[in-house]
Amino acid sequence: MQGRNTVEEVLCLSARWGYTVFYKNGEDNNVLSDIVVAHSTSIAVIRTWPYILIMDTTRHIDQNVFAKLTQMVKDEEVATQFINSSWHKLINEIDKAEYRRKLDVLKMKWQIRPEFLHYLFNTRLNPLAHKFCRVWTSEVLHFGVETTNRAESEQPVLKL
């Protein structure tokens, strides 16, 4: 790795093999929070057919929310219960009025953790909810495909 850390090595190899890398550091630190690596061929295909894209981001968002909550409350069981109940009920809701009601319930329940609510709203919900919450994604033309099972079944083949 010639003195490079893991992230630097990923960036170096990506450039060497013709991949484009988009990344974002955390707001309160310089730690990598999100990364997208795409080959130039994939980018060309997306530009050619921008309405057809299979992407599984919800699982990664769940992992990030879980990690942040676990870090704040120091209890994985509490974080797991939050993800499996309040969070999934919110992001999978398809009715806008019900979504707002569940959002209000979540705010009331977690008002004792204002730092977590600040993270949740400023990092996930306010800027990104329209990209992963079903109340909005259900309005996007998806040709009846609402799952990434095909993409997920191919994922192990891509892992090193």
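It should be emphasised that the depicted structure is a prediction, and the values quoted were computed from it without experimental measurement.
The shortest distance between side-chain heavy atoms of N64 and T123 does not fall below 4.5 Å.
At a threshold of 4.5 Å between side-chain heavy atoms, the hydrophobic network of Ile, Leu, Val, Met, Phe, Trp and Tyr places V10 and I43 in two separate groups. A continuous path of Ile, Leu, Val, Met, Phe, Trp and Tyr side chains, each step under 4.5 Å between heavy atoms, connects Y119 with L128, placing both in one hydrophobic cluster. Both V73 and V65 belong to a common hydrophobic cluster when Ile, Leu, Val, Met, Phe, Trp and Tyr are linked at side-chain heavy-atom distances under 4.5 angstrom. Both W87 and M72 sit in one connected hydrophobic cluster of ILVMFWY residues. Membership requires side-chain heavy atoms under 4.5 Å apart, directly or through other members.
Checked by atom type, the side-chain pair H118/N122 shows a donor-acceptor distance below 3.5 Å. R134 and Y99 share no side-chain donor-acceptor pair at under 3.5 Å.
For the atom pair NZ (K68) and CD (Q63), the distance works out to 16.0 Å, reported to the nearest 0.5 Å. Taken to the nearest 0.5 Å, the SG atom of C133 stands 13.0 Å off from the CD1 atom of I94.
Using a distance-only test at 3.5 Å, with no hydrogens or angles considered, a donor-acceptor pair links the side chain of E8 to the main chain of N5.
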Using side chain to side chain contact (heavy atoms under 4.5 Å, CB included), reason through L11 and R4 one step at a time and then give a plain yes or no. CA-CA 10 Å; L11 295 174; R4 292 184 289 264; over 6 Å; no
Worked check of salt bridge (charged side-chain N to carboxylate O under 4.0 Å, His left out) between R100 and E98: CA-CA 5 Å; R100 285 190 291 275; E98 191 62 19; over 6 Å; no
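The only option from V135, L120, L106 that meets the side-chain contact (heavy atoms from CB on, under 4.5 Å) definition with L90 turns out to be L106.
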Please report, to 0.1 Å, the donor-acceptor pairs under 3.5 Å made by any side chain of residues 15-26, with sequence neighbours excluded.
residue: K24; atom: NZ; partner: D34; partner atom: OD2; Å: 3.4
residue: N25; atom: ND2; partner: N30; partner atom: OD1; Å: 2.7

Expected list for residues 77-86: side-chain donor-acceptor pairs under 3.5 angstrom, two or more places apart:
residue: T80; atom: OG1; partner: E76; partner atom: O; Å: 2.8
residue: N84; atom: ND2; partner: T80; partner atom: O; Å: 3.3
residue: S85; atom: OG; partner: Q81; partner atom: O; Å: 2.5

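Residue pairs meeting the side-chain hydrogen bond (donor to acceptor under 3.5 Å, both in side chains) criterion with at least one partner in residues 102-111, sequence neighbours excluded, are E93-K102.
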